[in-house]
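Just the heavy atoms: all of them, side chains too, but no hydrogens, waters or symmetry mates, feed the values below. As the structure lists them, so they are numbered: ligands from 1, and atoms in each ligand from 1.
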Amino acid sequence: MKNLNVGMIGAGGIAKKLAATIEKLDGFTNYAIASRSLDKATAFKNDNYFTKAYGSYEELMEDENVDLVYIATPHSEHHRNMLLALKHHKPVLDEKAFTTNAIEAKDIIARFEKENLFLTEAIWTRYMPSRKIIDDIIKENLIGKISLLEANLCYPNKSHARLNDPNLAGGALLDMGIYPLTFALMALGSYPDKVEATCLKSETGVDETTFMRLSFPSNVEAILYTSMDVSSDRTGYIYGDNGYIKVFNINNPEAIEVHAKDQSLVKRVEIKEDVNGYEYELYACKKALEEGELECPEIPHSDIIKVMELLDEIRRKIDLRYPFER
Ligand SMILES: NC(=O)c1ccc[n+]([C@@H]2O[C@H](COP(=O)([O-])OP(=O)(O)OC[C@H]3O[C@@H](n4cnc5c(N)ncnc54)[C@H](OP(=O)(O)O)[C@@H]3O)[C@@H](O)[C@H]2O)c1
């Protein structure tokens with residue numbers, strides 16, 4: 001396939017990071033950026049060496065040279081942005097959390113599937129090579145039978161207006177909590193049958209610090225937490241009856257260690273990235289598009305929906321509904 005022309009909507013923080021990734025990648029072009037403001041789009045285009053700048057999202061969707069739309073807007077906007085892409089028959093890579101709730105996720109996935117149009121979620125850890133390294137350690141039975149998992153992801157991000165705004169589906173859970181959750185789901189390869197959660201809320205009413213306890217049918221307990229108030233070490237542990245795995249930075253694994261029952265180090269794997277970690281979701285999109293697939297095997301549509309259902313369940317436990325859901 002020719003170079004994949006990526007069109008981004010929402011000239012914010014993560015769009016800038018993905019643009020920096022594409023800049024270093026063969027096979028992809030930073031083609032178009034769309035913002036709600038043409039001035040902002042033009043500045044972003046010039047700073048990041050894009051070809052086109054648009055002052056509305058719809059104009060970008062109308063550009064026949066855009067091969068893949070990357071949605072980099074707040075969670076509250078994802079469903080309507082995907083509807084717009086669908087209207088113009090554009091394949092989509094949509095940022096996490098996929099939507100604000102499972103109802104929106106099911107609706108948009110059904111619409112894309114009906115139109116035979118590619119759609120996936122930019123939950124970058126699902127696409128990373130570190131996932132297979134962890135899976136292989138578990139399969140090799142190096143740590144024995146797993147019964148406990150622990151993971152955290154906290155960044156002191158609460159000064160960011162988007163994260164504090166309930167109307168944009170802000171809060172720690174959808175922004176950061178999705179990573180410890182994804183870490184547990186990937187390592188255990190199943191979904192919990194029981195969920196408990198508590199949280200501390202911000203003055204604006206979103207979750208600022210959330211603690212989750214998931215019970216899996218395989219008799220594994222997972223303890224997960226996330227916060228936009230404090231910083232954490234971002235570590236993930238998978239504990240078995242013969243030792244444990246320690247993952248340094250579950251948000252973008254830097255190293256993976258296997259320890260024996262007596263805590264001694266059995267093995268350490270350093271993770272080397274091609275660029276910065278965002279490249280793998282792009283590789284997956286290109287491959288799926290070239291092969292005519294409608295989804296990525298790393299995160300099939302059915303799993304996107306199950307994760308959104310789980311996030312809904314956690315939000316029920318912490319009594320968090322966004323204003324537009326009432
Ligand atoms: N994968 C990752 O590592 C990662 C990291 C950070 C964030 N994310 C995800 O990426 C998405 C965007 O996050 P971000 O940190 O890039 O956010 P951000 O810096 O606030 O940028 C979001 C952009 O969305 C656009 N937008 C559209 N409707 C908006 C509205 N009603 N209010 C505010 N902005 C609006 C704005 O662009 P225009 O003004 O140009 O239209 C804004 O710049 C979220 O889903 C987030 O969870 C992913």
Pairs under 3.5 angstrom only: tabulate donor-acceptor contacts from the side chains of residues 189-197 to other protein residues two or more places apart or in another chain.
| unit_1 | atom_1 | unit_2 | atom_2 | d |
| --- | --- | --- | --- | --- |
| Y191 | OH | D303 | OD1 | 2.5 |
| K194 | NZ | E196 | OE2 | 3.3 |

List ligand 1's nitrogen or oxygen atoms that come under 3.5 Å of a protein nitrogen or oxygen, with the partner atom and distance.
| unit_1 | atom_1 | unit_2 | atom_2 | d |
| --- | --- | --- | --- | --- |
| ligand 1 | 1 (N) | E95 | OE1 | 3.4 |
| ligand 1 | 1 (N) | E95 | OE2 | 3.4 |
| ligand 1 | 1 (N) | Y179 | OH | 3.3 |
| ligand 1 | 3 (O) | Y278 | OH | 2.8 |
| ligand 1 | 13 (O) | R162 | NE | 3.4 |
| ligand 1 | 13 (O) | R162 | NH2 | 3.3 |
| ligand 1 | 15 (O) | R162 | NH2 | 3.0 |
| ligand 1 | 16 (O) | G13 | N | 3.3 |
| ligand 1 | 16 (O) | I14 | N | 2.8 |
| ligand 1 | 17 (O) | R162 | NE | 2.9 |
| ligand 1 | 19 (O) | G13 | N | 2.9 |
| ligand 1 | 34 (N) | R36 | NH2 | 3.4 |
| ligand 1 | 37 (O) | A11 | N | 3.3 |
| ligand 1 | 37 (O) | K40 | NZ | 3.4 |
| ligand 1 | 39 (O) | R36 | NE | 3.4 |
| ligand 1 | 39 (O) | R36 | NH2 | 3.0 |
| ligand 1 | 39 (O) | K40 | NZ | 2.7 |
| ligand 1 | 40 (O) | A11 | N | 2.9 |
| ligand 1 | 40 (O) | S35 | OG | 2.6 |
| ligand 1 | 40 (O) | K40 | NZ | 3.1 |
| ligand 1 | 41 (O) | R36 | N | 2.9 |
| ligand 1 | 41 (O) | R36 | NE | 3.0 |
| ligand 1 | 41 (O) | Y57 | OH | 2.5 |
| ligand 1 | 43 (O) | K40 | NZ | 3.0 |
| ligand 1 | 45 (O) | T73 | O | 3.3 |
| ligand 1 | 45 (O) | H75 | NE2 | 3.4 |
| ligand 1 | 45 (O) | H78 | NE2 | 3.3 |
| ligand 1 | 45 (O) | K96 | O | 2.6 |
| ligand 1 | 47 (O) | H75 | NE2 | 2.8 |
| ligand 1 | 47 (O) | K96 | O | 2.8 |
| ligand 1 | 47 (O) | K96 | NZ | 2.9 |
| ligand 1 | 47 (O) | D175 | OD1 | 3.4 |

Legend entry - D241/K145 ion pair, N-O < 4.0 Å: no

Inset, instruction - State plainly whether the residues D107 and R111 are in salt-bridge range, i.e. N to O under 4.0 Å. - result: yes

Legend entry - SB check E257 K267 (cutoff 4.0 Å): no

Legend entry - With sequence neighbours excluded, residues passing side chain to side chain contact (heavy atoms under 4.5 Å, CB included) with R80: E77

Inset, instruction - For residues 302-326, pull every pair meeting ring-ring contact (aromatic ring centres under 6.0 Å, His included), keeping only residues two or more places apart or in separate chains. - result: Y322-F324

